[in-house]
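A short worksheet on the structure shown next.
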2 protein chains.
Amino acid sequence: MFTIAEAARRAACPQSTIRYYERAGVLPPARRGDNGYRYFEADDIERLAFVNRARELGFSIASVRDLLRLADHPQQPCEAVDTLLDEQVRSVRQRIAKLQALETRLAHLQRACDGEHPVHECGILAALSDTDAA
Amino acid sequence: MFTIAEAARRAACPQSTIRYYERAGVLPPARRGDNGYRYFEADDIERLAFVNRARELGFSIASVRDLLRLADHPQQPCEAVDTLLDEQVRSVRQRIAKLQALETRLAHLQRACDGEHPVHECGILAALSDTDAA
DNA sequence: CGTGGACCTTAAAGTTGCTTTAAAGTCAAC
DNA sequence: GTTGACTTTAAAGCAACTTTAAGGTCCACG
Ligand SMILES: [Zn+2]
Ligand SMILES: [Zn+2]
Ligand SMILES: [Zn+2]
Ligand SMILES: [Zn+2]
């Protein structure tokens with residue numbers, strides 16, 4: 001029997017996030033005391049930890065819901081799990097590729113400025129202003 | 001004298017984005033006709049293009065405002081420009097590093113599943129469920 | 001008993017950068 | 001004069017939370 005403060009401490013996440021997860025349907029409605037307070041058991045905290053781990057891995061709330069549903073039905077084939085993970089990997093690789101392209105362009109831009117001069121001579125702003133810039 | 005549709009076509013961005021930029025204070029309030037319609041000149045479209053380029057480079061709306069303010073004061077030293085760019089590069093590199101760490105963890109996780117089996121034997125979900133997982 | 005401080009509750013708004021929708025006015029052509 | 005393509009605004013929606021405001025609850029100390 002933990003209060004939300006204890007649960008938050010154990011899961012190392014803000015209380016507001018726990019409430020949000022409940023609202024978002026990724027955690028089931030918590031048991032309540034007569035005072036209306038939420039109370040958590042070890043199970044609940046493990047489930048919360050599962051959510052936190054999945055979120056750290058970048059899964060969306062919707063995907064986390066799917067993963068939990070799968071974890072709750074152990075007899076099903078794991079194909080859906082693999083698919084979710086594969087999609088996540090592809091998404092992360094895509095984001096990396098985009099950011100790397102961005103980094104290249106930004107680094108290129110950095111070399112357009114050699115330091116001491118007024119803005120109107122700055123190659124950086126010139127590149128941003130120029131319609132024909134690479 | 002272009003309508004918003006023409007401006008959007010020339011800048012290759014949705015009309016709604018142009019209105020949003022105006023609202024967000026990154027573009028000045030557009031001139032209006034007697035009918036209330038916005039009208040744009042070549043200057044305005046160049047400014048819009050500047051914004052679009054900066055946004056493509058990942059600069060926040062706030063940074064774009066700063067960059068425009070600098071571009072409007074050509075006598076100032078370009079130091080502030082360099083700083084904004086340097087920060088942007090650092091931010092992009094940080095995001096790449098985080099995503100690469102994520103990719104590694106996800107790829108690792110992929111190897112925990114060899115395909116055909118029920119969910120309760122799946123190493124992926126085991127790793128997500130296990131409090132002591134790497 | 002009572003009061004102060006630490007806890008808990010909710011609904012609602014703020015964040016970022018837009019897009020989408022709804023309701024309504026304008027314009028040009030036929 | 002009516003159709004259809006344009007324009008306007010305010011407001012809501014998206015993702016995943018965080019923050020705020022206003023208000024109950026609990027407990028220990030005096
Ligand atoms: Zn320079
Ligand atoms: Zn410079
Ligand atoms: Zn497997
Ligand atoms: Zn599997």
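Residue numbers start from 1 in every chain, and the chains themselves are labelled A, B, ... in the order their sequence lines are given, proteins ahead of strands.
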Given atom OH of Y20(B) and atom P of dT20(C), what is their separation to the nearest angstrom? 15 Å
Distance, rounded to the nearest Å, where E22(A) contributes CD and dA11(C) contributes P: 11 Å
Rounded interatomic separation in angstrom, taking CD1 from I61(A) and C1' from dC14(D): 13 Å
Please state whether the phosphate of dC7(C), meaning OP1 or OP2, lies under 4.0 angstrom from any side-chain nitrogen or oxygen of T3(A). no
Please tell me if T17(B) has a side-chain N or O lying less than 4.0 Å from either OP1 or OP2 of dG17(C). no
Mind checking if A5(A) touches a base, just sugar-phosphate, or nothing, with heavy atoms under 4.0 Å? sugar-phosphate
Just how far is it from atom OG of S129(B) to atom CD of E46(A), taken to the nearest 0.5 Å? 8.5 Å
Decide yes or no on side-chain contact (heavy atoms from CB on, under 4.5 Å) for D86(B) and R90(B), but give the supporting numbers first. CA-CA 6 Å; D86(B) 291 351; R90(B) 258 191 313 119; 5.7 Å; no
Expressed in angstrom and rounded to an integer, what is the separation of F59(B) atom CZ from dC18(C) atom P? 14 Å
Report each atom pair, protein N/O against N/O of nucleotides 27-30 of chain C, whose distance is under 3.5 angstrom.
from	atom 1	to	atom 2	distance (Å)
dC27(C)	OP1	N35(B)	ND2	3.1

Within less than 4.0 Å of OP1 or OP2 of dT18(D), is there a side-chain N or O belonging to S16(A)? yes
Ionic contact status for E22(A) with R32(A), cut-off 4.0 Å: yes
Interatomic spacing from CD1 in I124(B) to CG in D114(B) - rounded to 0.5 Å: 9.5 Å
R53(B)/D130(A) ion pair, N-O < 4.0 Å: no
Specify the closest pair of heavy atoms between A7(A) and F40(A), including all atoms of both residues, with the distance to one decimal. CB-CD1, 3.8 Å
Does atom CD (E79(B)) have a neighbourhood of more than 12 heavy atoms from anything else shown, all under 6.0 Å? no
Across the strands shown, which category fits R23(A) at heavy-atom distances under 4.0 angstrom: base, sugar-phosphate, nothing? base
What is the nucleic acid contact for Y21(A), judged by heavy atoms within less than 4.0 Å: base, sugar-phosphate only, or nothing? sugar-phosphate
Round to a whole Å and report the spacing from CD of Q15(B) to P of dT9(D). 12 Å
Whole Å only: how far is the CZ atom of R95(B) from the P atom of dT16(C)? 14 Å
Between CG of L27(B) and C1' of dC18(C) the distance, given in whole Å, is 14 Å
Between R47(B) and D72(B), does at least one N-O distance fall below 4.0 Å, as a salt bridge requires? yes
Quick one: closest heavy-atom pair of L99(B) and V92(A), and the distance? O-CG1, 3.5 Å
Expressed as a whole number of angstroms, how long is the span from R65(B):CZ to dG17(C):P? 9 Å
Side-chain N,O (R38(B)) to OP1/OP2 (dT8(D)) below 4.0 Å: yes
Report for the helix from dC1(C)-dG30(D) to dC30(C)-dG1(D): angle between first-end and last-end helix axes, five pairs each, rounded to 10 degrees. 40°
Just to confirm, is there a sub-4.0 Å distance from OP1 or OP2 of dT19(D) to any side-chain nitrogen or oxygen of R19(A)? no
Taking only N and O in the side chain of R55(B), is any of them less than 4.0 Å away from OP1 or OP2 of dC18(C)? yes
How many angstroms lie between OG1 in T104(A) and CD in Q100(A), if you round to the nearest 0.5 Å? 7.5 Å
